[in-house]
Amino acid sequence: MNKIVSKEKFSENVTKLVVEAPLIAKARRAGHFVIVRCGEKGERIPLTIADSDVKAGTITLVIQAVGDSTRKICALEPGDSLTDVVGPLGQATKIKNYGTVVCCGGGVGVAPLLPIIRALKEAGNRVVSVLCGRTKDLIILEKEVRESSDDVIIMTDDGSYGKKGISTAGVEEVIQREKVDYCVTIGPAIMMKFVSLLTKKYEIPTEASLNAIMVDGTGMCGACRVTVGGRTRFVCVEGPEFDAHQIDFDELLMRLRG
Amino acid sequence: MENNYNESRNEQWRVELRNSISPKDRAAIERVEMPQLDPSYRITCNEEVNQGISEEQAVREATRCLDCNNPQCVTGCPVGIDIPKFIKNIERRQFADAAAALKETSSLPAVCGRVCPQEKQCESKCIRLKMKQPAVAIGYLERFAADWQRNSGTEETVKMAPKNGIKVAVIGSGPSGLSFAGDMAKKGFDVTVFEALHEIGGVLKYGIPEFRLPNAVVDHEIEGLRKMGVDFQKDILVGKTITYDDLHDMGFKGIFVGSGAGFPRFMNIPGENLKGVMSSNEYLTRINLMQAGRGGDTPVLQGETVAVVGGGNTAMDSTRTALRMGAKRVILVYRRGESEMPARLEEIGHAKEEGVELMTLHNPVEYTGDENGRVCTMKVQRMELGEPDASGRRSPVPVEGAIDEIPVDLVIVAVGVSPNELVPRSIEGLEVSRRGTIVVNDESMQSNISDLYAGGDIVRGGATVILAMGDGRKAAQNMAEQLLAK
């Protein structure tokens with residue numbers, strides 16, 4: 001059992017939970033995820049770790065309520081507990097000084113992007129973050145992202161905040177004004193697909209973090225398989241990040257559709 | 001192993017019991033048949049198919065055992081159970097003593113009595129076979145004694161050595177880990193088992209279905225280990241949550257890796273990533289561990305026409321699970337013939353009784369999907385048997401041009417598993433084979449790192465529950481000697 005220490009509602013469907021998990025807090029690196037379960041009959045849900053506090057022994061998770069299980073998790077209050085939290089899972093992000101890096105996060109994908117932004121900044125990169133959402137309320141963690149970014153561009157589909165337009169417009173703006181050496185993108189699969197197509201055109205190496213369907217999260221079930229460079233890979237153990245230009249996004253989108 | 005089968009055989013009561021009935025009269029008794037649920041009923045529910053034999057049947061079956069002078073059955077048992085000792089205790093109706101005799105060597109008799117391939121092990125060595133008669137039903141008797149103990153409500157008597165204060169860690173709570181844990185606890189060690197999943201039991205929980213091995217049976221055996229002082233820590237993935245070095249810092253002097261072969265194999269054919277094509281691991285885990293379709297929150301795809309690819313026990317479990325999930329037609333597609341199937345005969349028989357269609361000498365070559373990306377047909381290549389391959393089985397060869405297309409809406413791929421490299425890869429300097437298995441000394445189960453032992457599928461790459469348990473037992477014996485010699 002892992003106790004909820006605090007809770008913050010970012011928007012109607014997006015909730016931040018700080019959860020007791022001392023071993024994971026200590027072991028995790030940017031890019032890692034956990035699997036959580038809520039209730040004795042609960043589903044195993046993969047969630048990327050947004051932050052951790054080794055001293056307090058906590059990790060931060062940002063959850064978007066999209067189905068029954070995520071709604072149940074979002075309904076938890078401080079003092080309640082998650083039945084299980086296991087991790088950190090997956091491979092950590094490869095952090096080094098690339099030069100200038102564009103970090104493009106869409107919706108709740110900004111949460112797992114935050115530790116990557118921080119680590120890239122710490123490694124000496126110039127970090128330009130592009131945060132995207134359908135509308136103003138869905139832009140999350142802006143303050144935290146600004147703290148570790150050299151520049152931040154905000155894009156909303158409806159123009160209610162920042163610039164009006166989709167993620168690719170924001171990324172292309174950066175590419176056209178300065179030399180970009182590397183790109184990281186986390187968000188809805190459809191967004192990552194188009195960011196990837198864009199950076200491919202400009203030949204900018206790009207990593208995408210995939211949110212595949214999983215059961216165990218340790219390589220056992222194969223539900224998370226994705227085709228990368230023509231080869232089937234398991235997101236849970238070999239990912240969640242892959243070379244975006246090699247990912248078969250259409251297959252991923254098809255597999256994610258219920 | 002440490003057993004002295006003659007010592008128990010020469011006890012006064014055994015001699016008297018042996019002489020009370022002539023071998024001829026014993027030989028005249030026919031082998032018991034396992035009472036089973038009716039196929040038409042059992043596919044509507046999840047109840048255990050084999051109902052277990054009654055006390056009277058057990059005593060009568062035990063009487064069939066000739067209590068040989070040089071029992072061969074014991075040589076067929078990977079953990080070296082004193083088989084005649086437990087059987088003769090059943091014959092004299094000392095059922096608790098029979099159960100205790102099992103527990104001396106096996107941590108999971110109620111499990112082994114159900115899932116061991118006895119016909120290839122202990123029973124294959126039974127003297128009655130040489131007499132052209134069916135072997136003594138050792139597996140049924142093992143299950144009977146273990147079930148009797150569980151249902152009697154009495155406390156088990158397990159001989160425990162005094163605590164020695166030495167801490168040992170087990171990675172993985174499947175059959176090899178549980179067997180190791182039980183033996184080490186009995187030898188006085190302080191045992192902690194680390195499990196990555198949220199349930200203890202490994203493949204016994206996520207893999208083998210309820211109708212073949214009820215979870216309550218597994219839980220009872222685990223509870224027994226808890227009572228012996230074994231500590232279980234779930235949701236901990238060694239190599240990720242804590243490292244091998246952390247285990248040393250935590251004071252563990254010996255480590256046993258029984259992390260299993262959890263990596264499902266696929267065939268790398270077109271359309272294999274369509275929705276509705278999944279590994280047997282995924283299908284069975286969703287249903288067995290996560291209770292999909294049985295009140296759990298986890299979903300599982302349903303199919304009207306389900307194809308299962310493979311010929312092993314996992315393939316059989318998948319076909320029979322699909323029937324119970326409501327499939328109208330279940331087809332088992334296997335590239336060799338029925339007699340080449342690695343599954344137990346009993347499992348093949350049960351599947352056929354339940355209505356599973358066998359499509360042998362066929363191999364899938366492609367799947368096609370509908371407009372939503374859901375699998376809708378399967379192309380199968382007809383095969384014929386050619387020359388024997390390395391496994392001694394005749395290898396399947398494609399019949400040129402003979403390709404059929406069958407409509408399916410769910411495909412379960414059960415063509416084997418590879419070792420899960422997650423744990424071995426996290427331990428620096430550990431010798432791992434090209435296949436990804438941990439390399440150990442066959443006799444001691446010790447790896448190239450002196451305090452690290454391993455067993456089960458992470459060493460074998462894909463075997464049975466009982467072989468995994470045998471490994472755990474051997475590792476315990478050798479690690480205990482190593483640690484106590486210090």
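Every chain is numbered from 1, with letters handed out A, B, ... down the list of sequences. Every heavy atom of this structure was used, including side-chain atoms; hydrogens, water molecules and symmetry mates were not. Note that the structure is predicted; figures quoted are calculated from it, not measured.
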Undergrad: Taking atom CZ as the centre, does A:Arg134 end up with more than 12 heavy-atom neighbours from other residues, nucleotides or ligands that are less than 6.0 angstrom away?
TA: no
Undergrad: Show the numbers, then the answer: is there a salt bridge (Lys or Arg N to Asp or Glu O under 4.0 Å) between A:Arg37 and B:Asp235?
TA: CA-CA 11 Å; A:Arg37 222 165 60 93; B:Asp235 292 328; over 6 Å; no
Undergrad: Select, from A:Asp216, A:Thr83, A:Thr232, A:Leu89, the one with the greatest count of heavy-atom pairs under 4.5 Å involving chain B.
TA: A:Thr232
Undergrad: In Å, rounded to the nearest 0.5 Å, how long is the span from CE of A:Met254 to CD of B:Glu371?
TA: 12.5 Å
Undergrad: Tell me, yes or no, whether the heavy-atom count around A:Glu77 atom CD, taken from other residues, nucleotides or ligands under 6.0 Å, exceeds 12.
TA: yes
Undergrad: Would you say A:Lys26 has more than 12 foreign heavy atoms packed within less than 6.0 Å of its NZ?
TA: no
Undergrad: Measuring heavy-atom distances to chain A, does B:Phe266 have an atom under 4.5 Å in its side chain, in its backbone, in both, or in neither?
TA: side chain
Undergrad: Tell me if a side-chain donor or acceptor on B:Asn420 pairs with a main-chain N or O of A:Thr218 at a distance below 3.5 Å.
TA: yes
Undergrad: Write down the atom of A:Ala27, the atom of B:Lys240, and the distance for their closest heavy-atom approach.
TA: CB-O, 3.4 Å
Undergrad: Considering only heavy atoms, which portion of B:Leu284 lies under 4.5 Å from any heavy atom of chain A: side chain, backbone, both, or neither?
TA: neither
Undergrad: Check the pair B:Ile236, A:Val86 against side-chain contact (heavy atoms from CB on, under 4.5 Å), reporting the backbone distance first and the verdict last.
TA: CA-CA 6 Å; B:Ile236 291 190; A:Val86 64; over 6 Å; no
Undergrad: Answer with side chain, backbone, both or neither: which region of A:Asp84 has an atom nearer than 4.5 Å to a non-hydrogen atom of chain B?
TA: both
Undergrad: Which atom names give the shortest non-hydrogen contact between A:Met220 and B:Thr285, and what distance separates them?
TA: CE-OG1, 3.5 Å
Undergrad: Working note: A:Val215 + B:Met290, criterion side-chain contact (heavy atoms from CB on, under 4.5 Å); need CA distance, chi angles, decisive distance, verdict.
TA: CA-CA 9 Å; A:Val215 184; B:Met290 305 309 297; 4.0 Å; yes
Undergrad: What distance do A:Cys221 atom SG and B:Arg286 atom CZ have between them, rounded to the nearest 0.5 Å?
TA: 6.5 Å
Undergrad: Report, as yes or no, whether the 6.0 Å neighbourhood of atom CG on A:Asp68 holds more than 12 heavy atoms from other residues, nucleotides or ligands.
TA: no
Undergrad: How about NZ on B:Lys234, more than 12 heavy atoms from neighbouring residues, nucleotides or ligands closer than 6.0 Å, or not?
TA: yes
Undergrad: Could you check whether the rings of B:Phe263 and A:Phe234 sit parallel, tilted or perpendicular, using 30° and 60° as the cut-offs?
TA: parallel
Undergrad: Minimum heavy-atom separation for B:Glu282 and A:Arg225, please, with both atom names.
TA: OE1-NH1, 4.5 Å
Undergrad: Examine whether an atom of B:Val277 lies under 4.5 Å from a heavy atom of chain A, and if so say whether it belongs to the side chain, the backbone or both; otherwise answer neither.
TA: both
Undergrad: Give the intermediate values and the outcome of side chain to side chain donor-acceptor pair (under 3.5 Å) for residues A:Thr227 and B:Asn273.
TA: CA-CA 8 Å; A:Thr227 303; B:Asn273 288 347; 3.1 Å; yes
Undergrad: Search all heavy atoms of A:Ser69 against all heavy atoms of B:Asp297 and return the closest pair with its distance.
TA: OG-CB, 4.1 Å
Undergrad: Could you look at B:Ile242 and say if it's the side chain, the backbone, both or neither that has a heavy atom under 4.5 Å from chain A?
TA: side chain
Undergrad: Nearest 0.5 Å, please: how far is CG in B:Asp246 from CG in A:Leu23?
TA: 8.0 Å
Undergrad: Between A:Ile35, A:Val226, A:Ile24, A:Val85, which has the largest tally of heavy atom pairs under 4.5 Å with chain B?
TA: A:Val85
Undergrad: Take a 6.0 Å sphere around CD of A:Glu8 and say whether it holds more than 12 heavy atoms from other residues, nucleotides or ligands.
TA: yes
Undergrad: Go through the atoms of A:Val34 and report whether side chain, backbone, both or neither lie under 4.5 Å from a heavy atom of chain B.
TA: neither
Undergrad: Under a 3.5 Å distance rule, please check whether A:Lys41 uses its side chain to pair with a backbone N or O of B:Ala292 as donor and acceptor.
TA: no
Undergrad: Checking heavy atoms, do the side chain of B:Arg374, its backbone, both or neither come under 4.5 Å from chain A?
TA: neither
Undergrad: Restricting to non-hydrogen atoms, name the atom on B:Thr298 and the atom on A:Arg44 that form the minimum distance, rounded to 0.1 Å.
TA: OG1-N, 4.5 Å
Undergrad: Of the backbone (N, CA, C, O) and the side chain (C-beta and beyond), which part of A:Leu252 lies under 4.5 Å from a heavy atom of chain B, both, or neither?
TA: neither
Undergrad: What are the two closest non-hydrogen atoms of B:Pro264 and A:Gly222, and how far apart are they?
TA: CG-N, 4.1 Å
